[in-house]
2 protein chains.
Amino acid sequence: MTTPLEKARKDPESMKARILAVARRIFGEYGFHGTTTRMIAQQVGIDISTLHYHWGGKKDLYEAVVVDINKDLGQKLIETEKVIHGLPLTERLDIAIDRMTDYLFANPDISNMILFRYFGKTRYEGNTDFSVPEFTADIARSMGLARDKKNVPPETMMKVLAVMNSIHAFIAGENFFCPMVKVDRERYIALVKETLKFVHIPAFTLNETR
Amino acid sequence: MTTPLEKARKDPESMKARILAVARRIFGEYGFHGTTTRMIAQQVGIDISTLHYHWGGKKDLYEAVVVDINKDLGQKLIETEKVIHGLPLTERLDIAIDRMTDYLFANPDISNMILFRYFGKTRYEGNTDFSVPEFTADIARSMGLARDKKNVPPETMMKVLAVMNSIHAFIAGENFFCPMVKVDRERYIALVKETLKFVHIPAFTLNETR
DNA sequence: TTACCTATCCATCAAATGATTGAATCGCAG
DNA sequence: CTGCGATTCAATCATTTGATGGATAGGTAA
């Protein structure tokens with residue numbers, strides 16, 4: 001059995017998929033209440049009723065976006081984990097930061113949406129959540145900071161969160177920070193990687209040798 | 001001459017001030033579009049028209065909140081700068097993180113609003129901005145990373161941003177992260193300070209001795 | 001052809017929302 | 001007390017916004 005979302009992911013040219021892709025971007029930029037179904041429909045070039053025909057209501061579409069992003073992020077984390085598996089901690093961090101940064105700069109919707117869920121409230125009784133807790137525990141294990149993904153100590157969770165939050169903040173804040181430090185996009189991306197490594201590699205490697 | 005905002009800040013019991021205080025909290029929680037003037041009025045316990053009488057439109061109130069928060073944050077940064085002035089870098093970071101964390105946990109509206117401005121767009125042509133660029137440059141100078149607040153190199157700006165973003169993220173994300181690491185509020189605050197120091201102090205002190 | 005299903009749009013509705021108007025009400029100087 | 005400005009509220013308006021119903025076009029099977 002295939003869910004509507006799976007169907008949409010399979011054929012990126014389908015109307016369902018096109019709507020979903022635009023919804024990801026706009027929900028990420030403006031948040032749930034800042035986005036109107038008309039904005040999405042207009043960007044896709046269709047009527048609002050077509051949007052409702054494919055995805056039901058605004059809330060349903062939003063939930064679908066959350067699930068969609070969850071899948072993409074989870075998949076990328078698994079892929080990254082495979083690449084860095086077995087390497088020494090410093091290298092693991094170095095490679096993971098490079099890869100995740102590149103990926104999220106190419107898909108800023110992910111960082112945008114995650115930060116909106118962290119910090120913002122919505123006025124409706126939404127319940128679908130990002131799998132951030134599991135992802136965080138997974139990363140902790142992948143970084144060698146915990147044996148299994150169950151019972152990761154709070155201190156370790158916080159350290160992993162610090163890394164992920166730093167990345168998301170620089171990605172989602174590009175429009176704000178890029179003009180602020182007066183560099184172009186390419187240089188900004190390089191600066192983000194550099195800064196993330198500058199901040200996080202000493203912390204974790206110092207801890208290792210203590 | 002006193003602006004309306006200044007008047008409101010002087011007498012915290014005035015209706016203007018009460019509205020402003022509630023607006024800070026709700027705009028911080030729900031963002032601009034997620035907040036309705038009715039929500040604010042209801043929390044204050046007044047009619048919407050009273051809100052309009054004192055503050056004009058929703059946008060005007062929002063802008064007032066931005067300016068208000070800007071003042072508070074700027075003042076706190078100046079105060080912190082005085083306290084840590086002249087101390088060695090490690091101590092400066094230690095004390096500054098403690099004080100800013102405590103302050104922002106007591107005033108989470110500040111972190112909430114700043115993050116909303118970083119990451120989210122609004123559908124109206126707003127222009128009032130936070131003084132984040134100047135603040136960032138000031139902090140860089142205060143930390144001894146730059147001689148004067150003019151011409152702070154991009155690398156330095158990014159490092160300071162990394163610190164500030166980490167703090168804001170943990171403050172604004174309390175409702176999300178606190179249940180996630182399964183600790184109570186008090187323990188969470190302690191964990192935030194600990195994590196911030198764990199991450200940022202090695203980075204900056206290593207850099208100093210290199 | 002006919003019947004039917006899918007996908008799309010146009011017109012429209014009902015609720016939410018920002019804003020205004022005019023009528024009370026309050027406080028206080030004279 | 002009287003008068004008046006400042007403040008507050010109930011009622012209402014105009015627009016936005018999420019959502020729906022019905023019509024239309026296109027394709028497909030019998």
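Below, chain A is the first sequence line, B the second, and so on; all start at residue 1. The basis for the numbers below is simple: all heavy atoms, side chains too, and nothing from hydrogens, waters or symmetry mates. Computed from a prediction, not measured in an experiment: that's the story for all the values here.
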Practice problem: Rounded off to whole Å, could you give me the CD-to-P distance for the A:Glu13 and C:dA7 pair? | Solution: 16 Å
Quiz prompt | Proximity of A:Phe32 and A:Phe116 rings by center, below 6.0 Å | solution = no
Show me the side-chain donor-acceptor pairs of residues 118-125 of chain A shorter than 3.5 Å, one per line, residues at least two apart or across chains.
unit_1	atom_1	unit_2	atom_2	d
A:Arg123	NH1	B:His33	O	3.4
A:Arg123	NH1	B:Gly34	O	2.8
A:Tyr124	OH	A:Glu63	OE2	3.0

Self-check item: Atom-pair distance (CZ on B:Phe32; C1' on C:dT17), nearest Å
Solution: 12 Å
Quiz prompt | Spacing between B:Lys59 atom NZ and D:dT16 atom C1', to the nearest angstrom | solution = 13 Å
Quiz item: Quick one: is the NZ or CZ of B:Lys193 closer than 6.0 Å to the six-membered ring centre of B:Phe170, and within 45° of its axis?
Solution: no
Quiz item: Donor-acceptor pair, B:Thr101 side chain versus B:Ile97 backbone, under 3.5 Å?
Solution: yes
Quiz item: Nearest to the side chain of A:Tyr53, which nucleotide is it out of D:dT8, C:dC9, C:dT8?
Solution: C:dT8
Self-check item: Gap between atoms CD and P, on A:Gln42 and D:dG18 respectively (whole Å)
Solution: 13 Å
Quiz item: In whole angstrom, what separates A:His33's NE2 from D:dT16's C1'?
Solution: 15 Å
Could you list, one pair per line, each protein nitrogen or oxygen that sits under 3.5 Å from a nitrogen or oxygen of nucleotides 10-15 of chain C, together with the distance?
unit_1	atom_1	unit_2	atom_2	d
C:dC10	N4	A:Ser49	OG	2.8

Quiz prompt | Integer-rounded Å distance: D:dT17 C1' and B:Tyr124 OH | solution = 20 Å
Exercise. Please tell me which of B:Arg18 and A:Gly56 maps to the more 5' nucleotide of DNA chain D, matching each residue to the nucleotide holding its nearest heavy atom.
Key: B:Arg18
Exercise. Could you walk me through whether A:Leu161 and B:Thr195 pass side-chain contact (heavy atoms from CB on, under 4.5 Å), step by step?
Key: CA-CA 10 Å; A:Leu161 281 176; B:Thr195 307; over 6 Å; no
Practice problem: Let me know the distance between CH2 of B:Trp55 and P of C:dA19, rounded to the nearest Å. | Solution: 15 Å
Quiz item: Looking only at side-chain N and O atoms, does A:His54 come under 4.0 Å of OP1 or OP2 in C:dT8?
Solution: yes
Quiz item: Given D:dG18, C:dA7, C:dG18, which nucleotide is nearest the side-chain atoms of B:Lys58?
Solution: C:dG18
Quiz prompt | Whether A:Thr35 side chain and A:Ile26 backbone form a donor-acceptor pair below 3.5 Å | solution = yes
Quiz item: Between D:dC9, C:dG18, D:dT16, which nucleotide gets closest to the side-chain atoms of B:Arg123?
Solution: D:dT16
Practice problem: Would you indicate, yes or no, if D:dT7 has its OP1 or OP2 atom less than 4.0 angstrom from a side-chain nitrogen or oxygen of B:Thr50? | Solution: no
Quiz item: Please give, in whole Å, the distance from C:dA19 P to B:His52 NE2?
Solution: 4 Å
Quiz item: Which pairs count as salt bridge (charged side-chain N to carboxylate O under 4.0 Å, His left out) when at least one residue sits in residues 33-45 of chain A, sequence neighbours excluded?
Solution: none
